[in-house]
Amino acid sequence: MRATTGYTEYHPRWLRRRKSTYWWLERVSYLAFILRELSSVFVAWTVAFLLLLVHAVSQGDSAYQYFLSWSTSEPVLLLNLTSLLFVVFHAVTWFRLAPQAMVVHVGGRRLPGAWIAASNYLAWALTTALVAWLLLGD
Amino acid sequence: MAKRSFEPLLWLLFSAGGVLAALLGPILLLLFGVLFPLGWLSPPSHEHLLAVLRHPLARVFLFAFCALLLVHGAHRFRYTLYDGLQIKHLNEFVNLLCYGGAIVGSAVAAYLLWRVP
């Protein structure tokens, strides 16, 4: 026997039925889980889109104007709308889980989950306002 | 001695990226992806954006933002393939693709932010 844990070849075959590849279509909660996981793709696209913007701004005003008109084209607009929905879904599920992930004690007592959730949503509102102010406060 | 696992570090970076994506992702996509293209709000001038990008703090922050979001996405996508499609026999390839992609993406981000005039 090998002493290490983890994957071993020729592992005894357990009496276990194989799950369908489409197991996540069986229930709404499973589907929500896999959609939340798929938000990772759109988070990556957000970074790519932002870097294209940074690149355009570095290149000069005409490149920036080109970027702005490119972002009005239907495929890009559609992709960004979809990404927005997924990233908002990520944000809501993330903040909803926060009370379970963060255990904060104040004065020897555990802070109620609602407080932690509220502080997360407050931070969301504040950073959103800050970014809007930074970008729109021309 | 047992090999030290990278997993805790990856989960830490995953969390950091998740928080940043949740806090800032929606507003950035809403503005540049939807409201400006639809003409519901007028986009900032090139001059203004360049001034924002020129600030070293903005660039350092944007680099951290990009890198952490990419690691977050890579980590989560790795588990999407693992749990969702049950691709368990290609672990090494999937890991290389996900984390390698995040590292390359971070390097590109560093380069682009460095080059801001």
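Just so it is clear, the model here is predicted, and its values are computed rather than measured. Quick note on labels: first sequence line is chain A, next is B, and so on, each numbered from 1.
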**Message:** A quick test of your reading: do over 12 heavy atoms of other residues, nucleotides or ligands sit less than 6.0 Å from CD of A:Gln65?
**Reply:** yes

**Asked** Should B:Val19 and B:Val60 be counted in the same cluster of Ile, Leu, Val, Met, Phe, Trp and Tyr side chains packed under 4.5 Å apart?
**Response** no

**Request:** Heavy atoms only, distances under 4.5 angstrom: which of B:Ile87, B:Leu30, B:Asn91 has the most pairs with chain A? Name it, please.
**Result:** B:Leu30

**Prompt:** Do you know which two heavy atoms are closest between B:Pro26 and A:Val88, and how far apart they sit?
**Reply:** CB-CG2, 4.0 Å

**Message:** Below 4.5 Å, heavy-atom pairs only: which of A:Leu38, A:Leu126, A:Leu51 has the largest tally toward chain B?
**Reply:** A:Leu51

**Message:** Rounded to the nearest 0.5 Å, what separates atom OG1 in A:Thr128 from atom CG in B:Leu24?
**Reply:** 7.0 Å

**Message:** Only pairs of heavy atoms separated by less than 4.5 Å count here; which of B:Leu62, B:Val108, B:Val34 has the most with chain A?
**Reply:** B:Val34

**Prompt:** Which bit of B:Leu41 comes within less than 4.5 Å of chain A, counting heavy atoms only: side chain, backbone, both or neither?
**Reply:** side chain

**Message:** Atom CH2 of residue position A:Trp115 - does it have more than 12 heavy atoms of other residues, nucleotides or ligands inside 6.0 Å?
**Reply:** no

**Asked** Is B:Gln86 close to A:Trp23 at the side-chain level, that is, under 4.5 Å between some pair of heavy atoms?
**Response** yes

**Message:** Give me the atom names and distance for the closest heavy-atom approach of A:Trp24 to B:Gly84.
**Reply:** NE1-O, 3.1 Å

**Request:** Examine distances only and state if a side-chain atom of B:His48 and a backbone atom of A:Leu134 form a donor-acceptor pair shorter than 3.5 Å.
**Result:** yes

**Item:** Best-contacting candidate, A:Val43, A:Thr21, A:Asp61, A:Val54, against chain B by heavy atom pairs under 4.5 angstrom
**Value:** A:Asp61

**Asked** Quick check, are the ring centers of B:Phe36 and A:Trp70 under 6.0 angstrom apart?
**Response** no

**Complete:** Minimal heavy-atom distance between A:Leu77 and B:Leu38, with the atoms involved, is CD2-CD2, 3.7 Å

**Asked** Between NE2 of A:His55 and OH of B:Tyr111, what distance do you get to the nearest 0.5 Å?
**Response** 8.5 Å

**Prompt:** In terms of heavy-atom proximity below 4.5 Å to chain A, should B:Leu50 be classed as side chain, backbone, both, or neither?
**Reply:** both

**Asked** Is there a side-chain contact between B:Thr80 and A:Ser40, using heavy atoms and a 4.5 Å cut-off?
**Response** yes

**Request:** Check the angle between the aromatic planes of B:His46 and A:Tyr64 and answer parallel, tilted or perpendicular using the 30° and 60° thresholds.
**Result:** tilted

**Request:** Can you tell which part of B:Leu28 gets under 4.5 Å to a heavy atom of chain A, answering side chain, backbone, both or neither?
**Result:** side chain

**Prompt:** Where does B:Val52 contact chain A at under 4.5 Å (heavy atoms): side chain, backbone, both or neither?
**Reply:** side chain

**Fill in**
Note: A:Phe33 and B:Asp83 closest approach over all heavy atoms is CZ-OD2, 4.4 Å

**Message:** Does any backbone or side-chain atom of B:Phe14 lie under 4.5 Å from a heavy atom of chain A? Answer side chain, backbone, both or neither.
**Reply:** both

**Asked** Taking the side chain as C-beta and beyond, is there a heavy-atom pair between A:Ser58 and B:Leu112 under 4.5 Å?
**Response** no

**Request:** Identify which of A:Leu50, A:Leu84, A:Thr93, A:Thr72 forms the greatest number of heavy-atom pairs closer than 4.5 Å to chain B.
**Result:** A:Leu84

**Asked** Do A:Phe42 and B:Leu29 come close enough that some side-chain heavy atom pair is under 4.5 Å?
**Response** no

**Request:** Give, as side chain, backbone, both or neither, the part of B:Leu31 having an atom under 4.5 angstrom from any heavy atom of chain A.
**Result:** side chain

**Request:** Under 4.5 Å, counting heavy-atom pairs only, tell me which of B:Ser15, B:Ala58, B:Gly18 racks up the most with chain A.
**Result:** B:Gly18

**Asked** How far apart are the closest heavy atoms of A:His90 and B:Ala21, and which atoms are they?
**Response** NE2-CB, 3.7 Å

**Message:** To the nearest 0.5 Å, what is the distance between CG on A:Leu135 and CZ on B:Phe32?
**Reply:** 5.0 Å

**Fill in**
Of A:Val57, A:Val87, A:Asn120, the largest count of non-hydrogen pairs under 4.5 angstrom with chain B goes to A:Val57

**Prompt:** Is there a chain of hydrophobic side chains (I, L, V, M, F, W, Y, each step under 4.5 Å between heavy atoms) that links A:Tyr30 to A:Ile34?
**Reply:** yes

**Prompt:** Is any side-chain heavy atom of A:Phe95 less than 4.5 Å from a side-chain heavy atom of B:Leu23?
**Reply:** yes

**Prompt:** If you count heavy-atom pairs under 4.5 Å with chain A, which of B:Ala74, B:Ala109, B:Gly17 comes out on top?
**Reply:** B:Ala109

**A:Trp124, part contacting chain B, at a heavy-atom distance under 4.5 Å** = both

